[in-house]
Amino acid sequence: FVSGKEENFSGNYRGMVFNYEYTRSGRPMSGRIYYLKASDTTLYVVRFTGLRDSLRSIRNQIDSIARTFKVKV
């Protein structure tokens, strides 16, 4: 496990995003976790994991999903 940088993030909800890398069965993997604060008492966690190169190539789409994440009531 190797942690990456953390960044501020904003969309429908504000929060933080964390990147990390790891190996599963000898294959290089990576993950991106979004912590999105909806209110003082509610925090949503959106997690994406996959092969390192694949996840890196679709990062814009992943960011878009997290940016537009909203809970329907």
About how many Å separate [atom2] of [Y] and [atom1] of [X], when rounded to the nearest 0.5 Å?
X	Y	atom1	atom2	answer
Y22	T49	OH	OG1	4.5 Å
Y34	E7	OH	CD	8.0 Å
K70	Y44	NZ	OH	11.0 Å
N8	M16	CG	CE	5.0 Å
I65	F48	CD1	CZ	4.5 Å
L51	R27	CG	CZ	4.5 Å

**Request:** Identify the two heavy atoms, one from V71 and one from Y13, that lie closest to each other, and give their separation to 0.1 Å.
**Result:**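 Heavy atoms of V71 and Y13 come nearest at N-OH, 3.4 Å.
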**Asked** So, N19 side chain and R32 main chain: donor-acceptor pair closer than 3.5 Å or not?
**Response**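 Side chain of N19 to backbone of R32, a donor-acceptor pair under 3.5 Å: no, none is there.
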**Item:** side-chain hydrogen bond (donor to acceptor under 3.5 Å, both in side chains) partners of R47, counting only residues at least two apart
**Value:** none
**Item:** With sequence neighbours excluded, residues passing side-chain hydrogen bond (donor to acceptor under 3.5 Å, both in side chains) with S54
**Value:**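 S54 satisfies side-chain hydrogen bond (donor to acceptor under 3.5 Å, both in side chains) with no residue once adjacent residues are dropped.
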Do [X] and [Y] belong to the same hydrophobic cluster, where Ile, Leu, Val, Met, Phe, Trp and Tyr are linked whenever their side-chain heavy atoms lie under 4.5 Å apart, directly or via other members?
X	Y	value
L36	I33	no
M29	L55	no
V17	I58	yes

**Asked** Ring centres of Y35 and F18 under 6.0 Å apart?
**Response**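 So the answer is yes for these two rings.
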**Asked** Side-chain contact, heavy-atom cut-off 4.5 Å: K37 with T42?
**Response** no
